[in-house]
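For this chain, numbers begin at 1 and follow the sequence in order.
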Amino acid sequence: MVGAVGIAAIGVVIARRLVHRHVAEGHNDVLVPIFLTAGTIYAVFLAFLVVAVWESYDAAHDNAAEEASTLATLYRASTGMEPASGGQMRHLIREYTEAVVKEEWAIQAASGGASPSARTAALGMYRLFGQLPANVRQSDAVIDQGALQLVSQVQTDRNRRTLQAGESLPLIMWIASIGSGVLVMGLALFLYMDRPGPQIIATGLLAALFAMLLAITFVLSRPFVGPMALQPDAFEHSLTVYDSVDKTP
């Protein structure tokens, strides 16, 4: 933002020197409507862009929270399974959650990939159901069916999280947002006021506003990267839930 204000101030000084001798009556009368039209279009576009990236960021946050919550529910549900298979399920759930927290989150922040350990544990949950005996009681079958649905939900959320970690704003959108901002600022530089001070202040504030909104867009466009990157807090909370379930008699 400071850089944008500085560039805008220097631009005003240079532009005033260039247009000073060419300013005639009606100069601003012609330029202002053009500037207002371009500024309004850019404001609408930039507002849409910020809202879109925020919704994407919020969706990634909600998806991660849902995945962690489903894991906690699955861990509780596994206590109703047959003791041997339930113990194996809880071991796999804990292994998967720890892999997400300790390995996969850093991998997704760096490259948008996935952890082999988390993938192995996730597949192990599915394979566990294939090893269950066919002649189980009806009550056990109902519990196993519910647990299988929870496992499927976890896998769905995991796949969505992996895709969201690799997403970013398309290059064409950056070209449009930055290019349009430069165009609007260029029009602002060629407005002419008798006193340079107010024009420098107004143009600097406009540049700071554009820079702030573009910075917000940049930060939110990658939910797992940057100063506002999502953290695995929900999964860490699930680990504490596992401990409390294990301590319950």
Novice: Do you know the tightest heavy-atom contact between Q164 and A60?
Specialist: OE1-CA, 3.3 Å
Novice: Mind checking whether I172 and I178 sit in one hydrophobic cluster, side chains of I, L, V, M, F, W, Y counted as touching below 4.5 Å?
Specialist: yes
Novice: Quick one: do the Y126 and S152 side chains pair a donor with an acceptor below 3.5 Å?
Specialist: yes
Novice: I need the I10 CD1 to T203 OG1 distance, nearest 0.5 Å.
Specialist: 13.0 Å
Novice: Looking at T70 and L150, what are the two nearest heavy atoms and their distance?
Specialist: CG2-O, 3.6 Å
Novice: Grouping I, L, V, M, F, W and Y whenever their side-chain heavy atoms are under 4.5 Å apart, do L187 and V182 come out in a common cluster?
Specialist: yes
Novice: Within a reach of under 6.0 Å around CZ of F218, are more than 12 heavy atoms found that belong to other residues, nucleotides or ligands?
Specialist: no
Novice: Return yes if some donor-acceptor pair links the side-chain N/O of Q231 with the main-chain N/O of D233 below 3.5 Å, else return no.
Specialist: no
Novice: Of all the heavy-atom pairs spanning A188 and F35, show the shortest one and how long it is.
Specialist: CB-CE1, 3.6 Å
Novice: Start with the C-alpha gap between Q153 and E66, add the side-chain angles, then the distance that decides, and say whether side-chain hydrogen bond (donor to acceptor under 3.5 Å, both in side chains) holds.
Specialist: CA-CA 9 Å; Q153 182 62 50; E66 179 181 292; 2.8 Å; yes
Novice: Verify the cluster assignment for L169 and V219: are they in a single hydrophobic cluster under the rule of side-chain heavy atoms below 4.5 Å apart?
Specialist: yes
Novice: With rounding to the nearest 0.5 Å, note down the distance linking CG in L49 to CG in L213.
Specialist: 9.5 Å
Novice: Listed by chain and number, what are the side-chain hydrogen bond (donor to acceptor under 3.5 Å, both in side chains) partners of S115, not counting sequence neighbours?
Specialist: E103
Novice: Does V101 belong to the same Ile/Leu/Val/Met/Phe/Trp/Tyr cluster as V245, with side-chain heavy atoms less than 4.5 Å apart forming each link?
Specialist: yes
Novice: Hey, are the side chains of R222 and E167 touching, using non-hydrogen atoms and a 4.5 Å cut-off?
Specialist: no
Novice: Taking Y42 for the side chain and F210 for the main chain, is one N or O donor matched with an acceptor at less than 3.5 Å?
Specialist: no
Novice: With rounding to the nearest 0.5 Å, note down the distance linking CG in D58 to CG in N63.
Specialist: 11.5 Å
Novice: Output the distance between atom CE (M212) and atom CG (L214), rounded to the nearest 0.5 Å.
Specialist: 10.0 Å
Novice: Does some side-chain heavy atom of N159 sit less than 4.5 Å from a side-chain heavy atom of L163?
Specialist: no
Novice: Flag the pair M81 / S78 as yes when at least one side-chain heavy-atom distance between them is below 4.5 Å, and no otherwise.
Specialist: yes
Novice: Determine the minimum heavy-atom distance between W105 and A64, stating which atoms define it.
Specialist: CH2-CB, 4.1 Å
Novice: Are any side-chain N or O atoms of S238 and backbone N or O atoms of A234, one a donor and one an acceptor, separated by less than 3.5 Å?
Specialist: yes
Novice: Quick one: closest heavy-atom pair of V100 and A118, and the distance?
Specialist: CG2-CB, 4.3 Å
Novice: Going by heavy atoms in the side chains, are R76 and V241 under 4.5 Å from each other?
Specialist: yes
Novice: In Å and rounded to the nearest 0.5 Å, what is the OG to CG distance from S69 to L74?
Specialist: 11.0 Å
Novice: Would you mind listing every side-chain hydrogen bond (donor to acceptor under 3.5 Å, both in side chains) that reaches into residues 240-249, with sequence neighbours excluded?
Specialist: Y75-D246, R94-D243, R94-D246, T97-Y242
Novice: Establish whether I34 and L36 are linked, either directly or via other cluster members, by ILVMFWY side-chain heavy-atom contacts under 4.5 Å.
Specialist: yes
Novice: With heavy-atom distances below 4.5 Å as the criterion, would you say the side chains of T217 and W54 are in contact?
Specialist: no
Novice: Is there a side-chain contact between E98 and F235, using heavy atoms and a 4.5 Å cut-off?
Specialist: no
Novice: About how many Å separate CG of D62 and CZ of R160, when rounded to the nearest 0.5 Å?
Specialist: 10.5 Å
Novice: Has S177 got a side-chain atom pairing as donor or acceptor with W174's backbone, closer than 3.5 angstrom?
Specialist: yes
Novice: Run the side-chain hydrogen bond (donor to acceptor under 3.5 Å, both in side chains) test against R161 and tell me which residues pass, sequence neighbours left out.
Specialist: E67, Y96, E104, Q108
